[in-house]
Amino acid sequence: MESTVNIQEIEKQRLKSTKWYANWRFITASALIIIVLIIGAGSYYQANHFNREININNIKVGGMTADQALNKLKTTVFKNVVYVGEQQILDGKDTTMGFTEKDLPAIKKLLKNQWTFFPSSKAKDYSLMPSTQEFYRNQTLKKQVEEKLLAMNQSLKAPQDAAVHLEQGKIVVSNSISGEKYDVASLLKDYDKHEYISEIRLNPVYIQPIKEDSEFIRNQQKKLEEFLAQTVDYKVQDKVFSLKGSEVIKNASISKDLQIKMDDAGDIKNKIAEVNNSQSTLNKDFTFKTHSGSVISVKGKGYGWAIDVDKEVPRIMEAFEKGEKSVSASNIYGNGWKGEGYGYEAISNNGIGDTYAEVSIAEQRIWIYKNGKLVVTTNVVTGTHSTNHDTSPGVWYILYKQTPSVLTGRENGKITYQVNVDYWAPFTNDGQGFHDASWRGNWSSNAYLTSGSHGCVNTPPSIMKTVYNNLNTYEPVVIY
């Protein structure tokens, strides 16, 4: 009996447990269905709506569908008011971004890109270019902003760069001074960052001067130091005169591309003048050793040269500016017909050289030397002393040669004679020279005192051709 009761109790408990399990399964299945439905609904929403903190072109589209976002982008109006700092400089016309229905696929693409399974509060700002380009803000308004800034700059104080210059041989750096002019290029770059902002507020940026402690100024100082350390060798004949920058350069300026320009000649002119005084022969007395070995002094006349200092100075300045190491003298002048100077190439024999003609009035004789060797000598008759037609003493040069020639004598503008000669080699501008004289009968050593020439050196016809052939244009003629 007791066994029967236990079996019934056990069966009763089993039935009760089976019913509870069936109920639990039903409840669990229902809950799962509800969860799936909730998740599905959320996933659908997420797939079709932008997350909460999403912006497109600075326009908030969080929680919107692609169609709603497009509509907001299409209808958002920009006032296009432009400020620099707190100052309004332009009030442009109202515009929109130019979005159309053609841009919906692009917005849907952004929607897909920003999708997350669960809602996200992460902020993102997408930039999207409308398919129809809007030109007003990008071109017209930007150009107006640029023109306005440039116009404003006209009345604003410009900054002053620090500057390096050479002053009385010392490198001086002037301080920079700040200005009020706007840095237009920088402001326009800032403008480009406000592409989708209704009010365009630009942070004031000013043109900055070059500072005295900048690398640029240091480079200029270094360049000027190198400039002062230069030496230009000035070559005159066979001598070299070293011109030190630190001694001759006084004032100079340097450009932004490190090109140096001397502001004045400094002491260069004085140095070249010193060289000229020591080396030139123009209008100076030549120390001359005669055929007999005696040493005399003869005044330079047509022969001689000098440096045109004023023309040489710019060449020396340019050499320093270009960093050239040497300059040879080139602007030489003298008493030639066209202002040319002769004898610059003659270095030996105190500037006369070893090829020349020597004329002794006292001895009435000439000697012609070639490379230091006597090639011809002969007696001559010079200008008449009693009538003041003396052959002019001095150091001259052969102007030209002509064979045959017609000699014309003039006094007071009137022709006094005309004679034919076979050879003619003048050495003065007023018509003195060497020529044959077939008409002369008196060739004595004292003929010149009362019956000499009109100033020329009459040479016996028998030797005149040899004399003529040994006289060369521009070679010196020493008369004493």
Side-chain angles (χ1 to χ4, degrees), residues 160-176 209-210 212 214-284 300 303-347 351 353 474:
Q160 184 173 320
D161 294 335
V164 184
H165 59 279
L166 197 63
E167 187 175 307
Q168 293 303 309
K170 295 183 178 179
I171 299 173
V172 178
V173 180
S174 61
N175 293 330
S176 62
I210 297 173
E212 45 271 29
S214 66
E215 182 179 0
F216 176 78
I217 294 297
R218 289 196 297 271
N219 288 338
Q220 286 193 322
Q221 288 176 285
K222 182 180 178 181
K223 189 73 174 180
L224 279 176
E225 289 169 357
E226 294 171 352
F227 184 65
L228 283 176
Q230 288 184 100
T231 296
V232 172
D233 289 336
Y234 186 56
K235 298 180 179 180
V236 180
Q237 293 182 305
D238 61 340
K239 291 183 172 59
V240 176
F241 301 86
S242 293
L243 306 177
K244 296 181 179 180
S246 58
E247 295 178 355
V248 300
I249 300 172
K250 297 302 179 185
N251 303 299
S253 54
I254 184 169
S255 65
K256 290 185 177 180
D257 58 354
L258 300 181
Q259 297 300 308
I260 297 175
K261 186 73 175 176
M262 293 179 63
D263 298 334
D264 54 48
D267 284 339
I268 292 177
K269 185 173 182 178
N270 293 336
K271 289 291 184 181
I272 301 304
E274 289 177 8
V275 172
N276 182 50
N277 290 335
S278 67
Q279 295 298 111
S280 66
T281 59
L282 185 65
N283 299 322
K284 293 182 178 179
Y303 185 80
W305 61 271
I307 300 170
D308 190 327
V309 176
D310 289 336
K311 289 183 178 179
E312 286 292 271
V313 168
R315 297 180 65 237
I316 305 299
M317 293 172 64
E318 185 179 16
F320 273 108
E321 291 170 351
K322 291 185 175 181
E324 296 174 357
K325 300 299 182 182
S326 65
V327 175
S328 296
S330 68
N331 290 289
I332 305 300
Y333 73 97
N335 291 328
W337 282 352
K338 297 180 181 179
E340 68 271 33
Y342 293 102
Y344 181 79
E345 303 299 329
I347 298 172
Y474 310 135

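None of these values were measured; they are calculated from a predicted model. The residues of the chain are indexed from 1 along the displayed sequence.
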Spacing of CD1 belonging to I307 relative to CG belonging to D310, to within rounding of 0.5 Å: 12.0 Å
Side chain T281, main chain W305, donor-acceptor under 3.5 Å: yes
Under 3.5 Å donor-acceptor, R315 side chain and A329 backbone: no
Side chain to side chain donor-acceptor pair (under 3.5 Å) partners for E247, two or more places apart: none
Side-chain donor-acceptor distances from residues 234-244 under 3.5 Å, at least two apart:
{"unit_1": "Y234", "atom_1": "OH", "unit_2": "E312", "atom_2": "OE1", "d": "2.6"}
{"unit_1": "Q237", "atom_1": "NE2", "unit_2": "Y344", "atom_2": "O", "d": "2.7"}
{"unit_1": "Q237", "atom_1": "NE2", "unit_2": "A346", "atom_2": "O", "d": "3.4"}
{"unit_1": "S242", "atom_1": "OG", "unit_2": "D233", "atom_2": "OD1", "d": "2.9"}

Y303 to Y474 - nearest heavy-atom pair and separation: CE1-O, 4.3 Å
N270: partners by side chain to side chain donor-acceptor pair (under 3.5 Å), with sequence neighbours left out: none
ring-ring contact (aromatic ring centres under 6.0 Å, His included): pairs with one or both residues in residues 316-338, sequence neighbours excluded: W337-Y400
For residues 258-268, which side-chain donor-acceptor pairs fall under 3.5 Å, sequence neighbours excluded?
{"unit_1": "D263", "atom_1": "OD1", "unit_2": "S253", "atom_2": "OG", "d": "3.3"}
{"unit_1": "D264", "atom_1": "OD1", "unit_2": "G266", "atom_2": "N", "d": "2.9"}
{"unit_1": "D264", "atom_1": "OD2", "unit_2": "N251", "atom_2": "ND2", "d": "2.7"}

With sequence neighbours excluded, residues passing salt bridge (Lys or Arg N to Asp or Glu O under 4.0 Å) with E340: none
Pairing residues for E321 by the side chain to side chain donor-acceptor pair (under 3.5 Å) criterion, not counting sequence neighbours: none
Over all atoms of both residues, closest heavy-atom pair of V327 and A319: CG2-CB, 3.4 Å
Which atom pairs, one a donor and one an acceptor, fall under 3.5 Å between side chains of residues 161-176 and the rest of the protein, sequence neighbours left out?
{"unit_1": "D161", "atom_1": "OD1", "unit_2": "I210", "atom_2": "N", "d": "2.8"}
{"unit_1": "D161", "atom_1": "OD2", "unit_2": "K256", "atom_2": "NZ", "d": "3.4"}
{"unit_1": "H165", "atom_1": "NE2", "unit_2": "E167", "atom_2": "OE1", "d": "3.2"}
{"unit_1": "S174", "atom_1": "OG", "unit_2": "A163", "atom_2": "N", "d": "3.2"}
{"unit_1": "S174", "atom_1": "OG", "unit_2": "A163", "atom_2": "O", "d": "3.3"}
{"unit_1": "S176", "atom_1": "OG", "unit_2": "E212", "atom_2": "OE1", "d": "2.9"}

Distance-only donor-acceptor check, side chains N335 and N283, under 3.5 Å: yes
Results of salt bridge (Lys or Arg N to Asp or Glu O under 4.0 Å) for K322 - residues two or more places apart only: E318
Residue pairs fulfilling side chain to side chain donor-acceptor pair (under 3.5 Å) with at least one residue in residues 214-226, sequence neighbours excluded: none
K271: partners by side chain to side chain donor-acceptor pair (under 3.5 Å), with sequence neighbours left out: none
Heavy-atom pair with the smallest gap, counting every atom of S280 and K284: O-NZ, 2.9 Å
Shortest non-hydrogen separation from V309 to A273 and the atoms involved: CG2-CA, 4.0 Å
Partners passing ring pair (Phe, Tyr, Trp, His ring centres under 6.0 Å) against F216 (at least two apart in sequence or in another chain): none
NZ/K269: more than 12 non-hydrogen atoms of other groups inside 6.0 Å: no
From E345 atom CD to I332 atom CD1, the distance as rounded to the nearest 0.5 Å: 9.0 Å
Separation of I249 CD1 from I316 CD1 (nearest 0.5 Å): 11.0 Å
Separation of N331 CG from N276 CG (nearest 0.5 Å): 11.5 Å
